[in-house]
Engineer: 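Mind having a look at this structure? Questions to follow.
First the proteins, then the strands, lettered A, B, ... as listed; each starts at 1. Values below: all heavy atoms of this structure, side chains included; hydrogens, waters and symmetry mates excluded.
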Amino acid sequence: MSSVPVPASRLPTQTAISAEIATLHQDPRCAGAAQQRPRLDFAPYRSSLTRHPTKDLHHVDPETIERAAPCFGHWDVDPLEADLTIGHAGEPIGERIIVTGRVLDGHGRPVQGQLVEVWQANAGGRYVHQGDQHPAPLDPNFTGAGRTLTDDAGWYRFTTIKPGPYPWRNHNNAWRPAHVHFSLFGTDFTQRLVTQMYFPGDPLLALDPIYQSITDPEARGRLVATYDHDVTTHEWATGYRWDVVLSGGTSTPLEQEDDQ
Amino acid sequence: MRLAPTPGQTVGPFFHYGLPYDGDRNLVPPGSTGSIALHGVVLDGAGVAVPDALIEVWQARPDGTVSREAGSIRRDGWAFTGFGRTSTGRDGRYVFSTLEPGPTEPARPAFWAITVFARGLLDGLFTRAYIPGPDIDIDPFLASLPHERRATMLAQPGDRGYRFDIRLQGQDETVFLRFDGSERRRP
């Protein structure tokens, strides 16, 4: 969202943005395993123009503090915070869903007892945020923020409402695919991750410069959840499975909480 | 087994009701004994303040030990958890109330580990805010940086604590870090 609205007629078209994306995907610098992360310099996402570093990220060996991570405990997080559909006077409008999966490190080991935070738009594609001017209704029964701790096997589980897609001002007729924002911690601070989970089969994924900033198709595909009928519950909610792999990770175990 | 990592995505413009929380920026109560401010401004490549960035700090205690205490989200006012988070204001400014971290290894300067997230920034960035001192000149990592680049990682002492400005792009662009090479060396 830009702070000063630009008349739609002066914004680039989706066709022009899609052509820019296609050109960048052909760029040899975008090929191969190096592009497992989004390109920070990705002009089709216009807000990145003045906000991406132009110098290479400087390699450094993590020091003690970076090989540890903050501890979060049951003191910090109420189990009810994993259900985004409760805490209001009534039921939120929309398609009730369960989103669950495991948080693993690069060695496939579960990340235990760590904080997972989510935030999202409501079913109409509107955020409870003063900066969101999309003329879709706010839902008095849905805020759209939650948090939880992973269990001993690295599992997290949220109950929520399927978010709607929403328009933004990157270009003319620009629409973000439906997504849930995720924030995750690992056993090392170097694993800190903020990302977005998408839904399978969304036709807007192909058009979205944020999703397409990950130029490797397999890598960006890892942001798309899988519909899982074993997660779907009888007469209650449909289910999606989405696992998260945090880069690397040492074998440092999290210490036991004092309050358990 | 090596699993391919999940890529990051921008934090977007609407994180303010999802990530900030009461007391997020106060690792210790402001004005309490030993409290200092770690503050600064986040700027883009045009030198314009970034009003929708999220900054996190993760640090050692003053004695250089690493806290394993929970309680960063629900602050009890006593536990020092070492973690803090804040969003920038309309003027791009952020401020933490915290303690000065001590060095975690001998002859290495102390620093705050910092993450930066923002709308327009497609993935999170890592940096360090170093506390100036004699060890700055002998630290092998800092010595590997050109002098003018090194300066972007030094917190500036002031009346209330330290100032650390973050420039996402441009002449004085902050040194941002990657750790992946070291991870590849692990079994």
Engineer: Go through B/Pro5, B/Ala113, B/Pro7 and name the one with the most non-hydrogen pairs under 4.5 angstrom from chain A.
Structural biologist: B/Pro7

Engineer: State which residue, out of A/Ser213, A/Pro209, A/Ser47, fulfils the side chain to side chain contact (heavy atoms under 4.5 Å, CB included) condition with B/Leu122.
Structural biologist: A/Ser213

Engineer: So what's closer than 4.5 Å to chain A heavy atoms on B/Phe126: side chain, backbone, both or neither?
Structural biologist: side chain

Engineer: Under the side-chain contact (heavy atoms from CB on, under 4.5 Å) criterion, do A/Arg67 and B/Phe179 qualify, and how do the steps go?
Structural biologist: CA-CA 10 Å; A/Arg67 292 194 303 269; B/Phe179 303 99; over 6 Å; no

Engineer: How far apart are the closest heavy atoms of B/Arg178 and A/Leu57, and which atoms are they?
Structural biologist: NE-O, 3.5 Å

Engineer: Decide if the gap between the ring center of A/Tyr127 and the ring center of B/Phe15 is smaller than 6.0 angstrom.
Structural biologist: no

Engineer: For A/Tyr198 and B/Gln9: C-alpha separation, side-chain torsions, deciding distance, then whether side chain to side chain donor-acceptor pair (under 3.5 Å) applies.
Structural biologist: CA-CA 11 Å; A/Tyr198 300 95; B/Gln9 292 272 265; 2.6 Å; yes

Engineer: Check this for me: B/Asp63, atom CG, are more than 12 non-hydrogen atoms of other residues, nucleotides or ligands nearer than 6.0 Å?
Structural biologist: yes

Engineer: Donor-acceptor pair, B/Thr6 side chain versus A/Val245 backbone, under 3.5 Å?
Structural biologist: yes

Engineer: Relative to chain A, which of B/Gly64, B/Gly71, B/Ala118, B/Gly12 shows the most heavy atom pairs under 4.5 Å?
Structural biologist: B/Gly71

Engineer: Counting only non-hydrogen atoms closer than 4.5 Å, does A/Leu115 touch chain B with its backbone (N, CA, C, O), its side chain (CB onward), both, or neither?
Structural biologist: side chain

Engineer: A/His181 versus chain B, heavy atoms under 4.5 Å apart: side chain, backbone, both or neither?
Structural biologist: side chain

Engineer: What part of A/Ile214 gets closer than 4.5 Å to chain B, counting heavy atoms only: side chain, backbone, both or neither?
Structural biologist: side chain

Engineer: Ignoring hydrogens and angles, tell me if any N or O in the side chain of A/Glu63 forms a donor-acceptor pair with the backbone of B/Glu105 under 3.5 Å.
Structural biologist: no

Engineer: Just checking, any donor-acceptor pair under 3.5 angstrom between side chains of B/Tyr17 and A/Gln130?
Structural biologist: no

Engineer: Between the main-chain N or O of A/Cys71 and the side-chain N or O of B/Glu69, is there a donor-acceptor pair closer than 3.5 Å?
Structural biologist: no

Engineer: If every non-hydrogen atom of B/Phe117 is compared with every non-hydrogen atom of A/Arg192, which pair is closest and at what distance?
Structural biologist: CZ-CG, 3.9 Å

Engineer: In terms of heavy-atom pairs under 4.5 Å, which option from A/Arg46, A/Arg147, A/Arg176, A/Arg220 contacts chain B the most?
Structural biologist: A/Arg147

Engineer: Which atoms of A/Ser183 come close to chain B, meaning under 4.5 Å heavy atom to heavy atom: side chain ones, backbone ones, both, or neither?
Structural biologist: side chain

Engineer: Nearest 0.5 Å please: distance from the CH2 atom of B/Trp112 over to the CD1 atom of A/Ile65.
Structural biologist: 12.0 Å

Engineer: Tell me, out of B/Arg108, B/Arg128, B/Gln59, B/Glu56, who's got the most heavy-atom pairs with chain A below 4.5 Å.
Structural biologist: B/Arg128

Engineer: Among the options B/Ala4, B/Ala46, B/Ala60, B/Gly170, pick out the one with the most heavy-atom pairs lying under 4.5 Å from chain A.
Structural biologist: B/Ala4

Engineer: Shortest non-hydrogen contact from A/Gly73 to B/Ala70?
Structural biologist: N-CB, 3.5 Å

Engineer: Taking B/Thr10's backbone N and O only, do any of them form a donor-acceptor pair with A/Gln196's side chain (distance below 3.5 Å, no angle check)?
Structural biologist: yes

Engineer: Between B/Val11 and chain A, which part of the residue has a heavy atom less than 4.5 Å away: side chain, backbone, both or neither?
Structural biologist: both

Engineer: Heavy atoms only, distances under 4.5 angstrom: which of B/Val175, B/Leu43, B/Leu121 has the most pairs with chain A? Name it, please.
Structural biologist: B/Leu121

Engineer: In terms of heavy-atom proximity below 4.5 Å to chain A, should B/Val50 be classed as side chain, backbone, both, or neither?
Structural biologist: both

Engineer: So for A/Asp243, is it side chain, backbone, both, or neither that comes closer than 4.5 Å to the heavy atoms of chain B?
Structural biologist: backbone

Engineer: Once you measure the plane-to-plane angle for A/Phe189 and B/Trp58, does it fall in the parallel (<30°), tilted (30-60°) or perpendicular (>60°) bin?
Structural biologist: tilted

Engineer: Contact part of A/Gln120 toward chain B, heavy-atom cut-off under 4.5 Å: side chain, backbone, both or neither?
Structural biologist: backbone

Engineer: Might you point out which heavy atoms bring A/Glu117 and B/Gly18 nearest each other, and give the distance in Å?
Structural biologist: OE2-O, 4.3 Å

Engineer: Nearest 0.5 Å, please: how far is OG in A/Ser48 from CG in B/Asp123?
Structural biologist: 12.5 Å

Engineer: What's the shortest heavy-atom distance between B/Arg74 and A/Trp75, and which atoms?
Structural biologist: O-NE1, 2.6 Å

Engineer: Examine whether an atom of B/Arg167 lies under 4.5 Å from a heavy atom of chain A, and if so say whether it belongs to the side chain, the backbone or both; otherwise answer neither.
Structural biologist: neither

Engineer: Salt bridge or not between A/Asp76 and B/Arg75? Use side-chain N to carboxylate O under 4.0 Å.
Structural biologist: no

Engineer: If you count heavy-atom pairs under 4.5 Å with chain A, which of B/Ser72, B/Gly124, B/Ala53 comes out on top?
Structural biologist: B/Ser72

Engineer: With under 30° as parallel and over 60° as perpendicular, where do the rings of B/Phe83 and A/Phe185 fit, or are they tilted in between?
Structural biologist: perpendicular

Engineer: Can you find a pair of side-chain heavy atoms, one from B/Leu168 and one from A/Pro53, that are under 4.5 Å apart?
Structural biologist: no

Engineer: Quick one: does A/His58's side chain get under 4.5 Å of B/Phe141's, heavy atoms only?
Structural biologist: yes

Engineer: Can you tell me how far the CG atom of A/Leu104 sits from the CG atom of B/Leu3, to the nearest 0.5 Å?
Structural biologist: 6.5 Å

Engineer: How about B/Gln169 and A/Arg51: do any of their side-chain heavy atoms sit closer than 4.5 Å?
Structural biologist: no

Engineer: Is B/Thr81 close to chain A through its backbone or its side chain, or both, or neither, when contacts mean heavy atoms under 4.5 Å?
Structural biologist: neither

Engineer: Would you name the heavy atoms of B/Gly8 and A/Leu193 that are closest together and state the gap between them?
Structural biologist: CA-CD1, 3.6 Å

